[in-house]
Asker: 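The structure is given below, and queries will be raised subsequently.
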Amino acid sequence: MFKKILKVIGIIVGIIVVVIAGFYTKSYIAVHNRMDRKYTVTPQAVTVVKDSAALALGTRLVKAKGCEDCHSKDLGGKVFVDDPALGKIIARNLTKGKGGLPQDHNIEDWVLALKHGIRKDGKPLIIMPSHEFTLLSEQDMASIIAYCTQIPAVDRELPETTLGPLGIVLTDFGKIELLPAELIDHNRVLIKEVKAEVSLDYGKYISTSCRGCHRDNMKGGEPIAPGFPVVADISSTGHPGKWTDEEFINTLRTGVTPEGKVLNPKDMPWTMAKEFTDVELKALHLYLNSL
């Protein structure tokens, strides 16, 4: 009798293993097919001027948009995530030093990456939040490119991005936005510029930096990835809806809320948000409170 029980258990375990293996194989093939897809797009012509005003704006936007948080302060890249289950995610070297961008990497290639989320060969970039950068004005995108194309070369060779089993399954389930190119309207034309003023339209424009974590409705929700905290509601129904403009600005300047909570910059990157001007933050607060 005991042998029969063990045999039944063995059969059940075997079936479970086969089902799990089959499911994982399906996910692996599906995700890698998406990673190998080639996009055919005609990048919009963007005029890049490297005058002092453009470089100053580009310098600020590179900080405000979190480029340095992922790619390091020198933009020489780093290992962004290194987890056996999730995988090894690399924020690449954006300079033209050893291990960085090829010497012939040009403005058109920058537009492909920022506006379309794809590489020169047409394959999608991994994790790069191009679905946010694609909403920039032409002026802002050009200023970022102007800054990035004149930074000093950094010699830093990094490994390729690889996905772990959990990373593959979560991507297949749509729990990780691994390939932002899939979220982009590749036919959309960049607007020339956006007027900096305390208005709902300008606040919505600034909020693109918040959507990746707080979602389109700014109400947050489940963690953006395993191991991360629940994302806060920053709409009118969350804490910011109770704050004055001055309290909102002070929170994003100091990392401390009016309630006394200290924000961890690893979870809430207030260190990049502090790069926004007072006008930008007032417009953002106005927009958040309208939701």
Asker: Evaluate the criterion ring pair (Phe, Tyr, Trp, His ring centres under 6.0 Å) for residue pair Trp110 and His105; output intermediate values, then yes/no.
Answerer: CA-CA 8 Å; Trp110 276 103; His105 193 273; 5.4 Å; yes
Asker: Rounded at 0.5 Å granularity, tell me how far CE in Met268 sits from NZ in Lys261.
Answerer: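 Result: 10.5 Å between the selected atoms.
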Asker: Does the side chain of Ser209 come within less than 4.5 Å of Phe276's, by heavy atoms?
Answerer: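 Phe276 vs Ser209: side chains touch.
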Asker: With a 4.5 Å heavy-atom cut-off, do Glu259 and His239 have their side chains touching?
Answerer: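 Glu259 vs His239: side chains touch.
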Asker: Sub-3.5 Å donor-acceptor pair from the side chain of Asn289 to the main-chain atoms of Ser236, do we have one?
Answerer: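 A pair under 3.5 Å: no.
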Asker: Compare every heavy atom of Gln139 with every heavy atom of Glu193, then report the nearest pair and how far apart it is.
Answerer: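 Minimum heavy-atom contact is CB-OE1, 3.6 Å.
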Asker: Under the side chain to side chain contact (heavy atoms under 4.5 Å, CB included) rule, collect the residues that match up with Thr244, sequence neighbours excluded.
Answerer: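 By the side chain to side chain contact (heavy atoms under 4.5 Å, CB included) rule, Thr244 matches Glu246, Glu247.
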Asker: I'd like a table of donor-acceptor pairs (distance under 3.5 Å, sequence neighbours excluded) in which one partner is a side-chain atom from residues 166-184, with atom names and distances.
Answerer:
from: Thr171; atom 1: OG1; to: Gly167; atom 2: O; distance (Å): 2.7
from: Asp172; atom 1: OD2; to: Lys26; atom 2: NZ; distance (Å): 2.7
from: Asp172; atom 1: OD2; to: Ser27; atom 2: OG; distance (Å): 2.8
from: Glu177; atom 1: OE1; to: His131; atom 2: NE2; distance (Å): 3.4
from: Glu182; atom 1: OE1; to: Arg34; atom 2: NH2; distance (Å): 2.8
from: Glu182; atom 1: OE2; to: Arg34; atom 2: NE; distance (Å): 2.8

Asker: Quick one: closest heavy-atom pair of Val154 and Asn93, and the distance?
Answerer: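 Answer, listing the atom of Val154 first, then Asn93: O-ND2, 2.8 Å.
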Asker: Please find the pair of heavy atoms, one from Pro265 and one from Thr271, that lie closest to each other, and give the distance.
Answerer: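 So the minimum-distance heavy-atom pair works out to CB-CG2, 4.1 Å.
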Asker: Does a salt bridge link Lys38 with Asp121, judged by any charged N lying under 4.0 Å from a carboxylate O?
Answerer: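 No, no charged N to carboxylate O under 4.0 Å.
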Asker: If you count every heavy atom of other residues, nucleotides or ligands that lies below 6.0 Å from Tyr39 atom OH, does the total exceed 12?
Answerer: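 Count over threshold, so yes.
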Asker: Within the 4.5 Å heavy-atom criterion, are Thr251 and Leu263 side-chain neighbours or not?
Answerer: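 Thr251 vs Leu263: side chains touch.
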Asker: Please list, chain by chain and in numerical order, all residues satisfying side chain to side chain donor-acceptor pair (under 3.5 Å) with His116, sequence neighbours excluded.
Answerer: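 Per chain and number, His116 pairs via side chain to side chain donor-acceptor pair (under 3.5 Å) with His186.
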Asker: Would a distance-only check, ignoring hydrogens and angles, find a side-chain to backbone donor-acceptor pair under 3.5 Å from Arg188 to Thr134?
Answerer: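 Yes; judged by distance alone, with no hydrogens or angles, the pair exists.
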Asker: Measure the NZ-CD1 distance between Lys50 and Ile145 for me, rounded to the nearest 0.5 Å.
Answerer: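 Reported to 0.5 Å precision, the distance equals 10.0 Å.
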Asker: Does a side chain donor of either Asp140 or Tyr205 reach within less than 3.5 Å of an acceptor in the other side chain?
Answerer: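 On atom types as modelled, these side chains qualify, holding a pair under 3.5 Å.
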Asker: Got a second to check how far Tyr287's OH is from Lys204's NZ, nearest 0.5 Å?
Answerer: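 Tyr287 OH to Lys204 NZ: 5.0 Å, rounded to 0.5 Å.
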Asker: Within the side chain of Lys96, is there an N or O that forms a donor-acceptor pair under 3.5 Å with the backbone of Gln103?
Answerer: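 Side chain of Lys96 to backbone of Gln103, a donor-acceptor pair under 3.5 Å: yes, one is there.
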Asker: Do any pairs count as a salt bridge (charged side-chain N to carboxylate O under 4.0 Å, His left out) and have a residue in residues 268-291, sequence neighbours left out, and if so which ones?
Answerer: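 Every salt bridge (charged side-chain N to carboxylate O under 4.0 Å, His left out) pair that includes a residue of residues 268-291, provided the two are not neighbours, is Arg60-Glu280, Arg253-Asp278.
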Asker: If the condition is side chain to side chain contact (heavy atoms under 4.5 Å, CB included), which residues does Lys88 pass it with, not counting sequence neighbours?
Answerer: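 With neighbours one apart ignored, the set is Val79, Asp82, Ile90, Pro159, Thr162.
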Asker: Report the residues that fulfil side chain to side chain donor-acceptor pair (under 3.5 Å) with Asn264, sequence neighbours left out, ordered by chain and then residue number.
Answerer: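 Counting only residues at least two positions away or on another chain, Asn264 forms no side chain to side chain donor-acceptor pair (under 3.5 Å).
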Asker: Is there a side-chain contact between Lys123 and Met35, using heavy atoms and a 4.5 Å cut-off?
Answerer: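 Sidechains of Met35 and Lys123: no contact.
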Asker: Can you check whether Ala232's main-chain N or O pairs, donor with acceptor, with Lys219's side chain at less than 3.5 Å?
Answerer: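 Side chain of Lys219 to backbone of Ala232, a donor-acceptor pair under 3.5 Å: no, none is there.
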Asker: Is Lys63 paired with Asp69 through a side-chain N to carboxylate O contact shorter than 4.0 Å?
Answerer: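 Salt bridge: no.
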Asker: Can a salt bridge be assigned to the pair Asp104 and Lys120 using a cut-off of 4.0 Å between side-chain N and carboxylate O?
Answerer: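 Lys120 and Asp104: salt-bridged.
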Asker: Quick check: does any side chain N or O of Arg156 sit under 3.5 Å from a backbone N or O of Gly77, one acting as donor and the other as acceptor?
Answerer: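 Answer holds: yes.
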Asker: What's the spacing between Leu112 CG and Ser130 OG if we round to 0.5 Å?
Answerer: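 Spacing of CG (Leu112) from OG (Ser130) equals 10.0 Å.
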Asker: Is there a side-chain contact between Phe133 and Lys65 in this structure, where contact means two heavy atoms from C-beta onward sitting under 4.5 Å apart?
Answerer: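 Phe133 reaches Lys65 side chain to side chain.
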Asker: Please report the interatomic distance CE(Met218) to CD1(Ile234), rounded to the nearest 0.5 Å.
Answerer: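 Interatomic distance, Met218 CE to Ile234 CD1, rounded to 0.5 Å: 5.5 Å.
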Asker: Got a sec: does the CD of Gln150 have more than 12 other heavy atoms crowding it under 6.0 Å?
Answerer: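 More than 12 heavy atoms, drawn from other residues, nucleotides or ligands, come within 6.0 Å of this atom.
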Asker: Are Pro152 and Thr95 side-chain neighbours, meaning at least one heavy-atom pair lies under 4.5 Å?
Answerer: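 No, every pair of side-chain atoms sits at 4.5 Å or beyond.
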Asker: In the structure I gave you, are the side-chain heavy atoms of Ser207 and Leu284 within less than 4.5 Å of one another anywhere?
Answerer: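 Side chain of Ser207 against side chain of Leu284, heavy atoms only: contact under 4.5 Å found.
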Asker: Taking the side chain as every heavy atom from C-beta outward, state whether Glu222 and Val231 have any atom pair closer than 4.5 Å.
Answerer: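 With C-beta onward as the side chain, the pair stays apart.
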Asker: Could you check whether any side-chain N or O of Gln44 sits under 3.5 Å from a backbone N or O of Leu190, counting only pairs where one atom can act as donor and the other as acceptor?
Answerer: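 At least one qualifying donor-acceptor pair exists.
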Asker: Check Gly76 against Ser72 and note the closest heavy-atom contact, atom names and distance.
Answerer: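 Reported closest heavy-atom pair: N-CB, 4.4 Å.
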